[in-house]
Amino acid sequence: MDPCHPAAELVAGLEKTWQMIQNTLARLTPADLEQVFPPFGEAERVRHAKLVEPALQPFAQMWLDAARLAGVVRPAVSLQWIIWHVLEHDINHGSEISTILGVHGLPVVELD
């Protein structure tokens with residue numbers, strides 16, 4: 001398996017994620033954002049871990065093991081928190097890409 005992905009594939013992935021966020025935000029009301037999701041129990045964590053693509057299964061298993069060992073239960077979270085968390089995730093990866101580009105003397109990602 002090749003861990004490197006062409007730039008076009010990375011850009012397409014980021015654009016797809018942003019489109020999902022944009023479409024979701026366009027249809028939600030402020031009341032929708034207040035919807036709260038209860039914590040994951042062991043069964044839900046296992047179910048979600050199985051949804052991860054095969055190449056990332058070892059990391060999903062690490063997540064399951066760490067959660068089991070720590071005994072930590074994620075608190076209930078609102079839909080607003082989930083959306084912000086997805087945005088944070090994309091912002092983080094965008095800054096990583098920008099840093100790597102800059103280190104190699106290439107134009108960095110411009111945030112408009």
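When reading the values below, keep in mind they use all heavy atoms of this one structure, side chains included, and skip hydrogens, waters and symmetry mates. Everything numeric here is computed off the predicted structure, so don't read it as measured data.
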Partners meeting salt bridge (Lys or Arg N to Asp or Glu O under 4.0 Å) with Glu42 (sequence neighbours left out): Arg45, Arg68
Distance-only donor-acceptor hits, side chain of residues 31-38, under 3.5 Å, sequence neighbours excluded:
| from | atom 1 | to | atom 2 | distance (Å) |
| --- | --- | --- | --- | --- |
| Asp32 | OD2 | Thr29 | N | 2.9 |
| Asp32 | OD2 | Thr29 | OG1 | 3.2 |

Ile97 reachable from Leu106 in the ILVMFWY side-chain graph, under 4.5 Å edges: yes
Ring pair (Phe, Tyr, Trp, His ring centres under 6.0 Å) partners of His104, counting only residues at least two apart: none
Members sharing Ile100's hydrophobic cluster (side chains within less than 4.5 Å): none
Of all pairs that satisfy side-chain hydrogen bond (donor to acceptor under 3.5 Å, both in side chains), the ones with a partner from residues 93-103, not counting sequence neighbours: His89-His93, His93-Glu96
Which atom pairs, one a donor and one an acceptor, fall under 3.5 Å between side chains of residues 49-60 and the rest of the protein, sequence neighbours left out?
| from | atom 1 | to | atom 2 | distance (Å) |
| --- | --- | --- | --- | --- |
| Gln57 | NE2 | Ala49 | O | 3.0 |
| Gln57 | NE2 | Val52 | O | 2.7 |

Co-membership, hydrophobic cluster, residues Leu87 and Leu79, 4.5 Å side-chain: yes
Residues that Gln80 engages under side chain to side chain donor-acceptor pair (under 3.5 Å), provided they are two or more places apart: none
Pairs meeting criterion ring-ring contact (aromatic ring centres under 6.0 Å, His included) with involvement of residues 62-84, two or more places apart: Trp81-His85
Which pairs would a plain distance check flag for residues 12-21, meaning a side-chain donor or acceptor within less than 3.5 Å of a matching protein atom at least two apart in sequence or in another chain?
| from | atom 1 | to | atom 2 | distance (Å) |
| --- | --- | --- | --- | --- |
| Thr17 | OG1 | Gly13 | O | 3.0 |
| Gln19 | NE2 | Asn23 | OD1 | 2.8 |

ILVMFWY cluster, Ile82 and Leu28 together (side-chain gap under 4.5 Å): yes
